[in-house]
Amino acid sequence: MSLLSVKDLTVRFGGITALDQVSLELNRGEILGLIGPNGAGKTTLFNCISGVLQPDQGRIRYQGKSLRWLKPHQRAQRGIARTFQNLQLWGTMTVLDNVKVPIDALGKRSLVVDALGLPFATYAEKAANERARAILHVLGLLDHEDRLAGDLPVGIQRRVELARALAMRPQLLLLDEPAAGLDAAETEGLADLLTRIRERFKVSMLLVDHDMSLVMRACDYIYVLDFGKLLAAGRPEAIREDPKVIAAYLGEASAELPGAPEEEAVVVAKTAAQPTTPVFRLPDRPLLEVSGLAAGYGHLEVVRDVNLRISTGEVVACIGANGAGKTTTLRALSGVIRPRGGRVIFEGADITHDRPEAIVRLGLVHIPQGRGLFPKLSVEETLRLASYSGADGENLEPAFQLFPKLRDRRRQVVGTLSGGEQQMVAMARAILARPKLVLLDEMSQGLAPAIVQELFRLLDEFRNRGVAVLLVEQFVDSALAVADRAYVFEQGTVVHEASAKELRRDKGLIASSYLGSAPEPPAAAAHAGGNGHNGHTPLPAELMEDLMLKLPASMLRSLQEKSAREGRPAQALVLELLEERRS
């Protein structure tokens with residue numbers, strides 16, 4: 001049996017199906033990756049396994065026993081530990097004390113025993129110190145044991161959180177975005193560290209992360225989710241080359257998912273290349289110039305040394321994997337968050353530290369991810385809000401000319417509109433603010449492909465009016481079809497700049513930025529592992545126990561793959577292997 005088995009898991013939120021009969025198997029000794037584009041259902045599945053959510057259907061079994069009704073702390077007591085995307089350390093405690101907390105929680109000490117100073121308490125305190133310091137030593141943190149956790153850089157805090165999870169003596173470690181906020185060197189070091197932890201502590205891992213360089217380097221096997229369904233499963237090198245996975249990440253049409261026909265993408269590209277009215281440019285002085293931009297949240301630095309420039313009437317796309325820093329860059333440019341470094345020059349004026357309302361009045365408008373609308377206001381009331389940015393709030397005709405459908409919906413409450421209509425309202429409000437530059441974040445989120453293509457065509461109308469657009473978009477192929485240029489983001493910085501036409505031809509460059517580089521297939525490791533698979537009739541208990549102790553996870557996964565290809569039970573293949581060894 002597998003260490004962790006998820007079978008036909010289904011989760012619904014109202015009328016939305018977040019997970020649709022998803023199944024996966026994690027073998028003892030494996031580092032298993034769980035990836036997928038935004039909204040794929042990764043977090044929902046992760047929360048079901050850790051006990052934060054209860055599924056509507058399906059089962060989750062850990063070490064052969066159901067987790068269905070166990071609360072999160074009971075799952076922790078059974079050997080399932082978790083780290084969090086947002087750091088959850090006690091910032092005012094030392095690194096050593098952070099790691100000792102779970103050790104003390106699993107012990108039998110009490111406040112009375114500690115207050116009386118009994119020998120047992122003294123021994124337990126000494127043992128907790130020794131175990132905590134041993135874990136810190138393995139993770140290279142011993143030099144920081146007396147420092148406050150809140151004073152450490154993000155990269156070190158991530159390791160402290162790993163150390164605290166390991167202090168619980170887990171057999172399964174759930175890692176939620178452990179590379180968030182790390183630079184390329186730190187991410188590479190984290191991949192090596194996870195492998196070392198697996199070997200030293202004999203722990204299996206389920207890794208959810210948007211950083212494909214980490215996933216491809218660290219994981220033995222990967223499951224890919226998209227729209228709540230299992231899209232693909234395989235080894236890293238196979239996943240990286242899978243057309244369905246590339247389509248899911250880059251927004252191209254695939255057999256499983258609805259998508260815009262290639263003809264539509266070509267039409268958009270031709271329209272973008274041949275606007276009907278002149279496009280105004282300022283070649284000598286760009287409309288927006290960003291140099292050395294750094295920004296983040298709390299102690300977390302998300303983007304660093306970002307450099308980009310945009311001319312009047314130009315459509316520029318920002319592309320890259322989730323978590324690469326694209327949205328944070330837009331928020332820093334519009335003043336929603338305060339940049340930590342660098343300069344933002346708009347029309348020759350330094351707006352680096354200006355407030356958002358002042359930036360809007362200069363002509364830089366931000367349409368955020370999620371659209372940023374007031375659901376209880378009518379369409380007309382929402383559009384009149386543009387008057388607060390200095391526009392004429394009485395003249396809504398420019399918005400209705402661009403979006404005729406909104407004229408018929410002007411009295412309707414925004415919250416009752418479809419997703420596509422709400423996006424039209426957000427874009428119409430931006431037009432009424434008479435912008436010179438629009439920052440557009442994930443315009444297509446949650447919309448049907450046909451609606452998405454129509455919205456992309458409207459970006460050409462922005463260009464024709466001399467309005468520049470900086471676009472962050474998950475449908476990469478469609479974004480590049482309408483854009484003039486594009487910046488490729490990786491791990492919080494710009495790693496490549498090129499014309500959109502060039503990037504559309506170079507699929508390998510785009511795929512590598514989203515899916516990382518495929519590592520060489522790993523040799524069979526010496527870590528312990530072994531279990532059955534896919535619901536076949538189990539082997540005898542004695543043989544199964546022996547396999548769990550001796551069969552490497554990489555070998556077991558190979559047997560499972562062969563079983564799926566040949567349609568034979570994995571147990572039959574194991575018996576054949578034993579017969580070969582005996583002969």
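The first residue of the sequence shown is numbered 1, and numbering continues consecutively from there.
Counting only heavy atoms from C-beta outward, the side chains of R465 and L402 approach each other to under 4.5 Å. You'll find the side chain of C48 reaches within 4.5 Å of the side chain of V11, heavy atoms only. In this structure, L175 and L162 have side chains that are in contact, with non-hydrogen atoms separated by less than 4.5 Å. Side-chain contact between L333 and L470 is present, with at least one heavy-atom pair separated by less than 4.5 Å. Side chains of F400 and R410 form a contact here, defined as non-hydrogen atoms less than 4.5 Å apart. Looking only at side-chain heavy atoms (C-beta outward), F13 and L53 come within less than 4.5 Å of each other. At least one side-chain heavy atom of M93 sits less than 4.5 Å from a side-chain heavy atom of V101. A heavy-atom distance below 4.5 Å is found between the side chains of I222 and V224.
Here the CD atom belonging to E289 is positioned 11.0 Å from the CD1 atom belonging to I310, to the nearest 0.5 angstrom. The distance from the CD atom of Q423 to the CE atom of M443 is 6.5 Å, given to the nearest 0.5 Å. Summarising the geometry, atom NE2 belonging to H496 is positioned 9.0 Å from atom CD1 belonging to I319; distances are rounded to the nearest 0.5 Å. Summarising the geometry, atom CG belonging to L406 is positioned 10.5 Å from atom CG belonging to L396; distances are rounded to the nearest 0.5 Å. Atom CD1 of I431 is separated from atom CD1 of I367 by 8.5 Å, given to the nearest 0.5 angstrom. Rounding to the nearest 0.5 angstrom, the gap separating the NE2 atom in H144 from the CG atom in D151 is 12.0 Å.
Formation of a donor-acceptor pair under 3.5 Å by the R331 side chain with backbone atoms of I337 is not found in this model. Within the 3.5 Å criterion, the main-chain N or O of L225 finds no donor-acceptor partner in the side chain of K42. Judged by distance alone, with hydrogens and angles left aside, the side-chain atoms of Q369 form no donor-acceptor pair with the main-chain N or O of D441 at under 3.5 Å. No donor-acceptor distance shorter than 3.5 angstrom exists from the side chain of D20 to the backbone of G228, with no hydrogens or angles considered. In terms of modelled atom types and a separation under 3.5 Å, the side chain of T328 and the main chain of G325 share no donor-acceptor contact.
Heavy atoms only, all atoms of each residue included: D484 and R463 are closest at OD2-NH1, 2.8 Å. Closest heavy-atom contact between A232 and V245: CB-CG2, 3.8 Å. Shortest non-hydrogen contact noted between I35 and D209 is CG2-O, 4.0 Å. Nearest heavy-atom pair across G335 and P356 is O-CG, 3.2 Å. The minimum heavy-atom distance between P435 and V365, with the atom names listed, is CB-CG2, 3.7 Å. Closest non-hydrogen pair, A399 versus L383, comes out as CB-CD1, 4.3 Å.
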- Kindly determine whether R504 and D477 satisfy side-chain contact (heavy atoms from CB on, under 4.5 Å), including the steps that lead there. CA-CA 7 Å; R504 289 194 82 195; D477 203 55; 3.5 Å; yes
- Task: Begin from the C-alpha positions of L288 and L308 and carry the test side-chain contact (heavy atoms from CB on, under 4.5 Å) through to its verdict.
- Result: CA-CA 8 Å; L288 177 74; L308 54 86; 4.2 Å; yes
- After noting the C-alpha distance and the side-chain angles of D354 and F346, does the key distance pass the side-chain contact (heavy atoms from CB on, under 4.5 Å) rule? CA-CA 11 Å; D354 286 3; F346 184 67; over 6 Å; no
- Task: Using the salt bridge (Lys or Arg N to Asp or Glu O under 4.0 Å) rule, take E301 and R340 through it: C-alpha gap first, then chi angles, then the decisive distance, then the call.
- Result: CA-CA 9 Å; E301 185 178 68; R340 298 178 177 181; 5.1 Å; no
- T329/C318 under side-chain contact (heavy atoms from CB on, under 4.5 Å): CA gap, chis, key distance, verdict: CA-CA 10 Å; T329 298; C318 295; 5.9 Å; no
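Qualifying side chain to side chain contact (heavy atoms under 4.5 Å, CB included) partners for D350, counting only residues two or more places apart in sequence or in other chains: R343, I345, T352. With sequence neighbours left out, the salt bridge (Lys or Arg N to Asp or Glu O under 4.0 Å) criterion links E177 to no other residue. For S50, the side chain to side chain contact (heavy atoms under 4.5 Å, CB included) partners are N47, V52, R82, L174, not counting sequence neighbours. With sequence neighbours excluded, the residues satisfying side chain to side chain contact (heavy atoms under 4.5 Å, CB included) with T382 are L373, L377, V414, V425, R429. The side chain to side chain contact (heavy atoms under 4.5 Å, CB included) check on V494 picks up V306, Y487, F489, with sequence neighbours excluded. For R355, the salt bridge (Lys or Arg N to Asp or Glu O under 4.0 Å) partners are E357, not counting sequence neighbours.
Put simply, the residue from V336, L330, L471 that forms a side-chain contact (heavy atoms from CB on, under 4.5 Å) with L439 is L330.
Note on R164 versus E161: salt bridge recorded, some NZ/NE/NH1/NH2 to OD/OE distance being below 4.0 Å. E347 has a carboxylate O that lies under 4.0 Å from a charged side-chain N of K436, or vice versa, which qualifies the two as a salt bridge. Classification of R407 and E397 as a salt-bridged pair holds, one side-chain N sitting under 4.0 Å from a carboxylate O.
By the neighbour-count criterion of 12 heavy atoms within 6.0 Å, atom OH of Y297 is densely surrounded, having more than that number from other residues, nucleotides or ligands.
When only modelled atom types and interatomic distance are considered, T493 and D305 share no side-chain donor-acceptor pair under 3.5 Å. Judged purely by distance below 3.5 Å, without hydrogens or angles, the side chains of Q491 and S213 pair a donor atom with an acceptor atom.
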